[in-house]
Amino acid sequence: MALDSKSVSLTFPDGNSRSYAAGVTPAQVAADISTSLAKKAISASVNGQHWDLQWPIEQDAEIAIHTMKDEAQANELIRHDFAHVMARAVQEIWPDTKVTIGPVIENGWYYDFDRAEPFTPEDLGLIEKKMKEIINKRDPVTTEIWDRERAIAFYKANNEPYKVELVEAIPGDEPVRMYWHGHWQDLCRGPHLQHTGQLPGDAFKLMSIAGAYWRGDSNRPMLQRIYGVAFTGKEKLKAYLHMLEEAAKRDHRKLGREMDLFHMQEEAPGQIFWHPNGWTIYTTLQDYMRRAQHRGGYVEVNTPQVVDRKLWERSGHWDKYQENMFIVEVDEEHAREKAVNALKPMNCPCHVEIFKQGLKSYRDLPLRMAEFGSCARYEPSGALHGIMRVRGFAQDDAHIFATEDQIGDECARFIGFLTDVYKDLGFDSFKVKFSDRPEQRAGSDEVWDKAEEALLTATRAAGVEPELNPGEGAFYGPKLEFVLTDAIGRDWQCGTFQVDFVLPERLDATYIGADGAKHRPVMLHRACLGSFERFIGILIEEHAGKLPFWLAPRQVVVASITSEADDYVLEVVETLKAAGVRAEADIRNEKINYKVREHSVGKVPVILAVGHREVEERTVSVRRLGEKQTRVQSLEDVTKELARAATPPDLL
RNA sequence: GCUGCUGUAGCUCAGAGGUAGAGCACUCCCUUGGUAAGGGAGAGGUCGAGAGUUCAAUUCUCUCCAGCAGCACCA
C-alpha cells in the first residue's frame, strides 16, 4: 500500500463508499471486500474508465470491480490477453519472429507478425496448443511504466524494430506502459487480466492467416496476421462457430448458383452473366426505383458509355483514376493518333454536360438528374467479391444541381427518400457514416470547410447522427455513406450522398441567378441502392435467398400430383400469369414429394399442388415456403391473394 | 495490386508419377404417386492454361489465369 498519507474515497455501484490510502489498486480493494472477489476479479471501472487491477487510484472515484460475468469488460480483456498469449506462443515456437501490434476486434483479436516463413494452417493448431500450455501455467501479468528512452533501448536490444517504431510514434514525451505475461513482454496500453490462468482456455479458436501491411500502408512490408476469436465461455464460442456455418449458407455466391440467378467466368472477371431468374430481380428492382425517382422529383437521362479522355482530363478523373479505367483505343481514319477513350467509370461528368446544354435559370434548381448508368471500373483483382464488388455495374445514380442554400433541404429530402426505399426492401435500420476531407483532394480548404459544414448540419437536421469516418471523403467533397452488412457482418457502402463544389467549377457549369448574373451550382452526387449488383447481393444474403414475394424471381410453381391434373395445372398457371404473378407449371413425371423438395430448395415462395380433388373442386392446395401445413383455397381466392402479394409495395 | 490458400463431370468432393471415381443433377424406361429425395439403365471430364523434368505428368517444378480469405484500394 502506498506510503502517502493522503486518502481517497471510493464509491461503489451500490452507493456505499470506503476510504483507502491514495495509490490503492483495485486488486487491493477487491481483496479488502472478500477473498473470493479478489480471485474472481478481472478488472475495474474507475470513473467509467476500464482500469487494470494493478493501476493505482490517486483520487476520489466511483469504482466497480469486474468479474467474468461482466460480459463487455470480460470480452475486451480476454481478447486482449489472448492476443498477448498468442504472440508469446508464436515467439516461443519461432523465436526469430518479430512482433508488431495485436488489437481487439469484433468477436476476437488479431496479431501481426514479421516472419520469413509463412504460417500454415497446421501451425494454427501448434500455436493453440502452446497457448493452452501458457494458460495452464497461470503466469502473473505485471505492468510497469517506463520512460521512452529506456523502452526504445530495450526494444533495440531485443531486435524488435516494429516496437521501436511504435514507441517513437507515441505522441509527446509521455512515458510508456509495459506489460509482462510471465517472462514475455509487450508494449501495451492495458488493462489486462491478473494472470494467464484467467483466460478461458476452451473458448477460443485461431481462425485464419492473412497478409496485412505494416501500419496499413501498402508501401511498407507485408506482415502475417493471425485472427482469433474468443468468448467468456465454451458455449458462446460454439454458438459463434455455428452462426458462421449458417451465414455461409446465405452467401450470395452460393445462392446465386443454387437459385440460378447469375454466373461469372474467367473471360470476364468481375462482370456478371445474369440468368433469367436473376435478371427478373434486377429489372423488378429497377422498375421500382424508376417509379420512386419519378415520384421523388427526378428527371431520367442516359449518357454515352465510351467517352473521349478529354472529358476525363477536364473532370480530373484521368489524373486520379486512369489506372482504374477501361481504356478503349480506336484507329480513326485519317487521324494521326489513335483516339483514346474510356468506358465511363461514373456518370457525373456526362450529367454536367447535359446541364450545360442551353442556359439554366435559378428557377430550374434544384435539378435532379437521374440515370441508371452502366459503369465500368478496372477494380484491383483482390478487391473483387462476388457481385458485391465488380468491374461492370449500374448505379441508381443521380446528380442534383442546386444552390448552396438548397443543400440542407436536398440532403434531408434524400435521407427521407432512402429511408422509405430501404424500408420497402426490408431494411429498417442501417449505418450512416460521415466521411470528411481526404489527404489527396481537389479544391481549397475554404471550399471543404463549407461543404463539410453544410453536409453535417443538414444530416443532423434530418435527425441522423452519423458515425465519423475521418479522411475517407471523395477527392472532390465530403460524403455520407449508407452502409448495409452482409451475411457475416462485413460492411458494404450502398447509398451515398456527396457535396461537390469542385466538378461544376472544373467543367464550368453555370446558371443565371435572380440577379441576372452567372452563378456556379453545387453538385450533389447521390445513389440510393448504390449499385444494383451490390444491393442485390446484400438483398440475397439478408433474406437468405427467400426474397419478398414481389421480388422473388420465381413466385409460384403449380405442381401436378397425378398427370390427370395436368390440364388444370396449365389453366391455373395461365390464370395466375394473367393476374401478374410469375407462375410456372411442374407437370413432370415425379412424385409430389420430389417436386415439393426441389422447389423448396429453389426458394420458390409458394407451391400449389393439384390432384384429383382440386381438379374437381376447382381449388388448389397452397404450401408456403418454410411452412409444413397446407391450405386448400379456391382458384379465385388464391389468384386474388397472390396478385396482391406480387404487387410492389409502392403500388399497393 | 500484396500475402497465403485453392482450381478434377453442371454442383459438392475423393484420388494417384503409368492418361480418372462417388453422390446429387441430366437423358431414357418402369412407376400416377397427396406435400422435403420411388426404382432401373445410360450419357457426361484435354483433371484451369502454357512451359519444364521424366520412358511416362492430371499428379513433381516454374510461369500465367481465375477463385477464396485478409490487407491495400473503392471517383
Side-chain angles (χ1 to χ4, degrees), chain A residues 110 112 118-121 207-227 251 253-254 257-258 260 263-270 312 315-325 344-349 375 377-386 388-390 395 438 441-442 472-477 479 481 488 490 492-493 496 498 500 502-503 525 530-531 534 559-566 589-602 607-614 621-632:
Chain A
Y110 65 77
D112 288 348
F119 291 115
T120 66
M207 302 296 284
S208 61
I209 310 154
Y213 296 109
W214 170 233
R215 313 210 103 190
D217 183 344
S218 57
N219 297 314
R220 308 208 59 183
M222 175 146 288
L223 308 169
Q224 298 188 66
R225 174 172 296 179
I226 301 180
Y227 285 91
D251 190 310
R253 293 165 295 192
K254 184 176 157 70
R257 204 182 309 112
E258 289 172 359
D260 195 15
H263 85 273
M264 302 173 92
Q265 65 187 48
E266 267 192 50
E267 289 80 356
W312 306 114
S315 72
H317 292 98
W318 188 262
D319 230 19
K320 193 147 193 317
Y321 290 108
Q322 194 185 146
E323 269 147 42
N324 298 302
M325 290 197 232
K344 72 171 167 185
M346 86 279 292
N347 310 298
C348 12
C375 297
R377 296 181 183 175
Y378 188 77
E379 300 284 11
S381 57
L384 302 177
H385 181 94
M388 307 261 230
R389 184 82 183 267
V390 286
Q395 296 169 305
R441 57 182 179 263
E472 297 295 318
F475 77 93
Y476 51 71
K479 62 177 181 182
E481 295 177 33
I488 64 170
R490 287 177 290 218
W492 294 92
Q493 180 198 305
T496 183
Q498 310 171 7
D500 181 2
V502 175
L503 197 59
H525 305 241
S531 85
R534 174 174 298 177
S560 55
I561 294 169
T562 80
S563 54
E564 282 158 38
D566 288 358
N589 176 15
E590 296 292 350
K591 291 197 172 178
I592 191 65
N593 285 316
Y594 184 91
K595 294 180 182 180
V596 165
R597 177 184 149 77
E598 186 173 285
H599 300 123
S600 298
V601 168
I607 299 170
L608 303 181
V610 170
H612 287 298
R613 276 205 300 278
E614 288 78 8
S621 154
V622 184
R623 183 187 167 118
R624 289 180 186 273
L625 183 59
E627 289 177 14
K628 255 209 128 54
Q629 83 279 33
T630 59
R631 194 154 57 105
V632 176

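Below, chain A is the first sequence line, B the second, and so on; all start at residue 1.
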Undergrad: Can you list the residues that meet the salt bridge (Lys or Arg N to Asp or Glu O under 4.0 Å) rule with A:Asp112, with sequence neighbours excluded?
TA: A:Arg225
Undergrad: In whole Å, what separates the P atom of B:G18 from that of B:C60?
TA: 11 Å
Undergrad: What's the gap between B:A16 and B:G40 when it is taken at their P atoms, as a whole Å value?
TA: 30 Å
Undergrad: Pick base, sugar-phosphate or nothing for A:Arg490, based on heavy-atom distances below 4.0 Å to the nucleic acid.
TA: sugar-phosphate
Undergrad: To the nearest angstrom, how far is A:Tyr378 atom OH from B:C73 atom P?
TA: 18 Å
Undergrad: Determine whether A:Glu472 and A:Lys479 make a side-chain contact, defined as any pair of heavy atoms from C-beta on separated by less than 4.5 Å.
TA: no
Undergrad: Please give the distance between the P atoms of B:G17 and B:C73 as a whole number of Å.
TA: 45 Å
Undergrad: Does a distance-only test, which skips hydrogens and angles, find a donor-acceptor pair under 3.5 Å between the side chain of A:Arg389 and the base of B:C73?
TA: yes
Undergrad: Of the listed nucleotides (B:A69, B:U3, B:A75), which one gets closest to any side-chain atom of A:Ser208?
TA: B:A69
Undergrad: From the set B:A36, B:C73, B:A75, return the single nucleotide nearest to any side-chain atom of A:Tyr476.
TA: B:A75
Undergrad: Give A:Gly626 one of three labels, base, sugar-phosphate or nothing, depending on what nucleic acid heavy atoms sit under 4.0 Å from its own.
TA: nothing
Undergrad: So, OP1 or OP2 of B:G67: does either fall under 4.0 Å of a side-chain N or O from A:His385?
TA: no
Undergrad: Looking only at atom P, what distance separates B:G42 and B:A9, rounded to whole Å?
TA: 22 Å
Undergrad: Nearest to the side chain of A:Ser218 - B:C71, B:A72, B:A36?
TA: B:A72
Undergrad: Regarding A:Asn324, tell me which of base, sugar-phosphate or nothing describes its non-hydrogen contacts under 4.0 Å with the strands shown.
TA: base
Undergrad: Could you work out, with side chain to side chain donor-acceptor pair (under 3.5 Å) as the rule, every residue matching A:Glu481, not counting sequence neighbours?
TA: A:Ser435
Undergrad: Tell me what A:Pro118 touches on the nucleic acid: a base, only sugar-phosphate, or nothing, going by heavy atoms under 4.0 Å.
TA: sugar-phosphate
Undergrad: In terms of heavy-atom contacts, does CD of A:Gln265 have more than 12 from other residues, nucleotides or ligands at under 6.0 Å?
TA: yes
Undergrad: Within the modelled atom types, does a donor on one side and an acceptor on the other bring the side chain of A:Tyr213 and the base of B:G70 under 3.5 Å apart?
TA: no
Undergrad: Using Watson-Crick and G-U wobble pairs with both distances under 3.5 Å, what is the 5'-to-3' dot-bracket string of RNA chain B, with [ ] for crossing pairs and | for pairs outside the strand?
TA: (((((((..((((....[..)))).(((((.......))))).....(((((..]....))))))))))))....
Undergrad: Answer with base, sugar-phosphate or nothing: what part of the nucleic acid does A:Glu614 contact at a heavy-atom distance below 4.0 Å?
TA: base
Undergrad: If you check the A:Arg597 side chain, which of B:A75, B:A37, B:G1 turns out closest?
TA: B:A37
Undergrad: Regarding A:Arg377, tell me which of base, sugar-phosphate or nothing describes its non-hydrogen contacts under 4.0 Å with the strands shown.
TA: base
Undergrad: Look at all strands and tell whether A:Tyr227 reaches a base, only sugar-phosphate, or nothing, counting heavy atoms closer than 4.0 Å.
TA: sugar-phosphate
Undergrad: Expressed as a whole number of Å, how far does the P atom of B:C2 sit from that of B:U59?
TA: 25 Å
Undergrad: List for me each residue that meets side chain to side chain contact (heavy atoms under 4.5 Å, CB included) alongside A:Arg215, sequence neighbours excluded, and say none if there are none.
TA: A:Glu165, A:Leu166, A:Ala169, A:Arg220
Undergrad: Among residues at least two apart in sequence or on other chains, which ones pass side chain to side chain donor-acceptor pair (under 3.5 Å) with A:Thr120?
TA: A:Glu122, A:Asp123
Undergrad: Which nucleotide in the set B:A66, B:U35, B:G70 lies at the smallest distance from any side-chain heavy atom of A:Ser621?
TA: B:U35
Undergrad: With respect to the side chain of A:Lys320, which nucleotide from B:A69, B:C74, B:U3 is positioned closest?
TA: B:C74
Undergrad: May I ask you to say what A:Tyr594 touches in the nucleic acid, namely base, sugar-phosphate or nothing, with a heavy-atom cut-off under 4.0 Å?
TA: sugar-phosphate
Undergrad: Hey, what do you get for CD (A:Glu627) to CD1 (A:Ile607), rounding to the nearest 0.5 Å?
TA: 11.5 Å
Undergrad: Which of the following nucleotides, B:C68, B:G70, B:A36, is nearest to the side chain of A:Arg253?
TA: B:C68
Undergrad: If we take the P atom in both B:U58 and B:A69, what is their distance in whole Å?
TA: 30 Å
Undergrad: Would you classify A:Lys628 as touching base, sugar-phosphate or nothing, given that sugar-phosphate means primed atoms plus P, OP1 and OP2, and contacts are heavy atoms under 4.0 Å?
TA: sugar-phosphate
Undergrad: Across the strands shown, which category fits A:Arg623 at heavy-atom distances under 4.0 angstrom: base, sugar-phosphate, nothing?
TA: base
Undergrad: Looking only at atom P, what distance separates B:A14 and B:U54, rounded to whole Å?
TA: 32 Å
Undergrad: Of all the nucleotides listed (B:G38, B:C71, B:A75), which has the minimum atom distance to the side chain of A:Met222?
TA: B:C71
Undergrad: Could you work out the separation of B:C74 and B:U35 based on their C1' atoms and round it to a whole Å?
TA: 48 Å
Undergrad: Is there aromatic stacking of A:Tyr321 against B:A75, centre distance under 5.5 Å, plane angle under 30°?
TA: yes
Undergrad: Would you indicate which nucleotide in B:G38, B:U12, B:G4 comes nearest to any side-chain atom of A:Lys591?
TA: B:G38
Undergrad: Closest to the A:Ser563 side chain: B:U32, B:A36, B:G4?
TA: B:U32
Undergrad: Suppose we screen for salt bridge (Lys or Arg N to Asp or Glu O under 4.0 Å). Which residues come up paired with A:Arg377, at least two apart in sequence or across chains?
TA: none
Undergrad: Over all strands shown, is A:Gly316 touching base, sugar-phosphate only, or nothing at heavy-atom distances under 4.0 angstrom?
TA: nothing
